[in-house]
Amino acid sequence: MLKLKQTEFLQSLESLLNISSPSGNTVNIINYIEDQLTAEGIETRRNNKGGLIATIPGKTAEKQRMLTAHVDTLGAMVKEIKANGRLRLDLIGGFTYNSIEGENCLIETSNGDVYTGTILLHQASVHVYKEASKAERNQANMEVRIDERVASAEDVKKLGIAVGDFVSFYPRVELTKSGFIKSRHLDDKASVAILLEVMKALKTSSEQIPYTTHFLISNNEEIGYGGNSNIPKETVEYLAVDMGAMGDGQSTDEYTVSICVKDASGPYHLGLRKKLVKLAADNNIPYQLDIYPYYGSDASAAIRSGHDIIHGLIGPGIDSSHAYERTHFTSIEATANLIYAYVWSDMLT
């Protein structure tokens with residue numbers, strides 16, 4: 001079993017959460033993770049899409065595994081600079097405007113300058129707009145109030161802000177005494193932090209894992225194609241580590257590892273699912289089986305792109321996915337331990 005040190009793990013996770021990385025603008029966090037792995041003596045390489053692939057050699061390389069977690073997050077881009085000096089947004093990833101209403105944000109210009117702002121309904125003031133509560137939260141009505149003295153589009157352009165600049169949301173990380181982790185972007189930085197701990201443990205182990213295993217830190221999952229390429233031809237099993245989504249009718253909770261049996265792409269590999277369940281049961285790892293009806297993963301993207309692999313999906317249970325998210329450290333532990341048991345196990349074929 002993998003023994004996570006809670007304080008150290010949470011510090012690592014908080015560092016990841018506080019590095020802005022909306023899909024399309026992930027170079028800073030990829031650099032950070034690469035530095036972390038290099039310091040541990042773990043071999044890494046970049047793919048052309050900007051993702052990072054780390055490799056832990058196994059006893060055999062004839063059959064290989066790949067695990068992936070994605071570091072890209074939801075975000076936005078500047079769609080329009082309005083005449084009143086505010087910004088209209090175009091969203092990156094699948095979420096709703098109401099989930100970011102009132103959120104503070106960062107606007108990063110193409111020359112690297114960063115400005116702060118707040119995402120607000122245009123009709124925010126109830127003292128001015130009688131129908132504010134009824135206004136639809138959409139691209140037309142939502143805007144960014146920049147924390148600079150601007151009153152026109154020309155004022156904004158003088159700051160260097162332009163259409164296409166990336167907008168990221170404050171994560172608002174909070175760690176509670178009761179073990180909860182509250183933040184934006186736990187999807188999927190919680191899983192990235194878990195894979196980092198697994199890799200470090202494998203690197204320092206006195207024994208060698210049975211199969212060479214690659215760990216892809218993908219950077220385009222939220223827009224559908226983070227893990228659909230750069231899969232070595234020797235790869236037989238491909239396990240995505242992503243969040244388990246909670247809600248009405250779902251089994252997933254914040255205290256166990258969620259094993260996905262089906263999502264919007266269809267069922268995951270039955271044999272691998274049964275194996276993951278057995279590993280959890282044999283190692284007293286708390287788990288839940290679940291179906292995510294409006295969900296896709298890097299593993300399902302890999303299948304769609306034509307790779308001949310056995311694919312699976314697990315992850316910590318995340319409440320309020322794609323909004324202000326929450327999980328518990330026990331879910332992190334369960335996910336880490338299932339991954340650790342998995343990488344030491346025999347292949348299905």
So if you build clusters from Ile, Leu, Val, Met, Phe, Trp, Tyr with side-chain heavy-atom gaps below 4.5 Å, do [X] and [Y] land together?
{"X": "L37", "Y": "I339", "value": "yes"}
{"X": "Y287", "Y": "L2", "value": "yes"}
{"X": "L270", "Y": "Y238", "value": "no"}
{"X": "L159", "Y": "L89", "value": "yes"}
{"X": "L10", "Y": "V173", "value": "yes"}

Side chains of [X] and [Y]: does their closest heavy-atom pair fall under 4.5 Å?
{"X": "C105", "Y": "V144", "result": "yes"}
{"X": "F9", "Y": "F329", "result": "yes"}
{"X": "P293", "Y": "Q250", "result": "yes"}
{"X": "V192", "Y": "L13", "result": "no"}
{"X": "E131", "Y": "Q123", "result": "no"}
{"X": "Q139", "Y": "D90", "result": "yes"}
{"X": "D242", "Y": "D298", "result": "no"}
{"X": "L87", "Y": "E80", "result": "no"}

Rounded distance [0.5 Å steps], [atom1] in [X] versus [atom2] in [Y]:
{"X": "T55", "Y": "M199", "atom1": "OG1", "atom2": "CE", "answer": "9.5 Å"}
{"X": "T327", "Y": "I181", "atom1": "OG1", "atom2": "CD1", "answer": "6.0 Å"}
{"X": "R172", "Y": "E103", "atom1": "CZ", "atom2": "CD", "answer": "4.0 Å"}
{"X": "L279", "Y": "Y342", "atom1": "CG", "atom2": "OH", "answer": "9.5 Å"}
{"X": "T68", "Y": "I53", "atom1": "OG1", "atom2": "CD1", "answer": "9.0 Å"}
{"X": "I42", "Y": "I33", "atom1": "CD1", "atom2": "CD1", "answer": "12.0 Å"}

Side-chain ([X]) to main-chain ([Y]) donor-acceptor, under 3.5 angstrom:
{"X": "H322", "Y": "G94", "value": "yes"}
{"X": "S300", "Y": "G296", "value": "no"}
{"X": "D290", "Y": "I259", "value": "no"}
{"X": "E108", "Y": "V114", "value": "no"}
{"X": "D72", "Y": "E222", "value": "yes"}
{"X": "D253", "Y": "T256", "value": "yes"}
{"X": "T204", "Y": "A201", "value": "yes"}
{"X": "T60", "Y": "E62", "value": "yes"}
{"X": "Y211", "Y": "M347", "value": "yes"}
{"X": "K203", "Y": "G41", "value": "yes"}

[X], [atom1] atom: more than 12 neighbouring heavy atoms under 6.0 Å:
{"X": "N111", "atom1": "CG", "answer": "yes"}
{"X": "D282", "atom1": "CG", "answer": "yes"}
{"X": "K79", "atom1": "NZ", "answer": "no"}

Return yes if a side-chain donor-acceptor contact under 3.5 Å exists between [X] and [Y], otherwise no.
{"X": "N283", "Y": "K278", "value": "no"}
{"X": "E136", "Y": "N141", "value": "no"}
{"X": "N228", "Y": "S305", "value": "no"}
{"X": "S321", "Y": "D187", "value": "no"}
{"X": "N230", "Y": "R46", "value": "no"}
{"X": "K275", "Y": "S345", "value": "yes"}
{"X": "T38", "Y": "D35", "value": "no"}
{"X": "D147", "Y": "T116", "value": "yes"}
{"X": "N104", "Y": "T118", "value": "yes"}
{"X": "T73", "Y": "K189", "value": "no"}
{"X": "S297", "Y": "Y268", "value": "yes"}
{"X": "S258", "Y": "T252", "value": "yes"}

Going by an N to O cut-off under 4.0 Å, is there a salt bridge joining [X] and [Y]?
{"X": "R184", "Y": "E325", "answer": "no"}
{"X": "K63", "Y": "E234", "answer": "no"}
{"X": "K5", "Y": "E197", "answer": "no"}
{"X": "R65", "Y": "E237", "answer": "yes"}
{"X": "K3", "Y": "E333", "answer": "no"}
{"X": "E154", "Y": "K157", "answer": "no"}

Over-ring placement of R137 relative to Y97, 6.0 Å and 45° cut-offs =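 Negative - R137 is either too far from the ring of Y97 or too far off its axis.
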message = Show, in sequence, the C-alpha distance, side-chain angles and deciding distance for H70 and E221, and conclude whether the side-chain hydrogen bond (donor to acceptor under 3.5 Å, both in side chains) test is met.
response = CA-CA 6 Å; H70 68 90; E221 192 275 346; 3.0 Å; yes
task = List the steps, then state whether side-chain contact (heavy atoms from CB on, under 4.5 Å) holds for Y324 with K182.
result = CA-CA 7 Å; Y324 187 53; K182 302 194 293 186; 3.6 Å; yes
Which atoms form the tightest heavy-atom contact between [X] and [Y], and what is the distance?
{"X": "V257", "Y": "A334", "result": "N-CB, 3.6 Å"}
{"X": "N220", "Y": "G24", "result": "ND2-N, 4.4 Å"}
{"X": "I223", "Y": "I92", "result": "CG2-CG2, 4.1 Å"}
{"X": "L4", "Y": "A336", "result": "CD1-CB, 3.9 Å"}
{"X": "P316", "Y": "A190", "result": "CG-CB, 4.4 Å"}
{"X": "H122", "Y": "N84", "result": "CE1-ND2, 4.0 Å"}

query = Looking at I29, N31, I30, which hits side chain to side chain contact (heavy atoms under 4.5 Å, CB included) with V27?
reply =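 Of the listed options, the one satisfying the test is N31.
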ask   = Should the ring pair F95 and F169 be called parallel, tilted or perpendicular, given that the plane angle runs from 0 to 90° and is split at 30 and 60?
value =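 Rings of F95 and F169: perpendicular, over 60°.
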query = With under 30° as parallel and over 60° as perpendicular, where do the rings of Y292 and Y295 fit, or are they tilted in between?
reply =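 Rings of Y292 and Y295: tilted, as their planes differ by 30° to 60°.
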ask   = When the ring centroid of H328 is compared with that of Y255, is the distance short of 6.0 Å?
value =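 They qualify: ring centres under 6.0 Å apart.
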